Amino acid sequence: MPPNFDQTTPISAADIKEHDSTSEIEKELADVRAQNKLLLKAIMALEQDASTIAKDNFERVWFAENRIRFPTSEHSKRLESDENHAEAIAKLRGNDGDYHHGFHSGLLAASRLFRESMKGVRELNSSEDKMNDSTKALEKKLGEKRASFPNSTVHPHGWSEVM
């Protein structure tokens with residue numbers, strides 16, 4: 001009888017080919033575990049990249065929304081003197097500042113969504129739930145994150161209040 005790989009039917013021991021030796025199964029399991037570790041490292045790197053992009057764009061959105069409101073704040077002064085933000089700040093002060101403010105708001109929202117999605121994938125992978133339960137939980141979490149998109153709000157007093 002051929003193996004049944006229908007998603008609704010769990011795979012039984014009878015579905016494993018008889019000629020597969022224990023050592024072949026152990027090797028395949030080791031390969032899958034190695035791939036899983038590699039994928040987790042990639043997810044963590046993507047999550048970190050998204051956090052960095054979110055932080056940079058948060059700072060720029062905050063500056064665009066609060067530079068007139070809080071021109072002498074330490075946060076404004078720090079951003080104006082930060083080389084990482086110099087070009088972006090100059091563009092935000094230019095004639096097309098609204099365009100750049102919108103651009104950074106979009107990047108902030110997208111990076112938050114991406115970061116939270118990667119975080120959800122990583123957290124579910126580390127749980128000991130059954131795969132089916134993890135898949136449903138992931139779909140639910142990602143749906144919640146998509147529903148809150150775009151999230152480009154900033155707090156007038158800076159980074160720590162929002163992220």
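Being a predicted model, the structure only gives us computed values, none of them experimental.
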Working to the nearest 0.5 angstrom, can you tell me the gap between [X] [atom1] and [Y] [atom2]?
X	Y	atom1	atom2	answer
Q35	R33	CD	CZ	13.0 Å
S51	R112	OG	CZ	11.0 Å
N95	H100	CG	NE2	10.0 Å
I43	L38	CD1	CG	10.0 Å
R60	K55	CZ	NZ	10.5 Å
E59	H104	CD	NE2	12.0 Å

For [X] versus [Y], what's the shortest heavy-atom pair and its separation?
X	Y	result
F63	L79	CB-CD1, 3.9 Å
L46	F114	CB-CE2, 3.9 Å
N84	D82	N-OD1, 2.9 Å
I53	S111	CG2-CB, 3.8 Å
L92	R67	O-NH2, 3.8 Å

Does some side-chain heavy atom of R115 sit less than 4.5 Å from a side-chain heavy atom of D49?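 D49 does not reach R115 side chain to side chain.
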Do Q48 and M118 have side chains that approach each other closer than 4.5 Å (heavy atoms only, starting at C-beta)?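 Contact flag for Q48/M118 side chains = no.
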What pairs with E87 under salt bridge (Lys or Arg N to Asp or Glu O under 4.0 Å), at least two apart in sequence or on another chain? K91
Those residues that, when tested against S73, pass side chain to side chain contact (heavy atoms under 4.5 Å, CB included) (two or more places apart): W62, F70, H75, S76
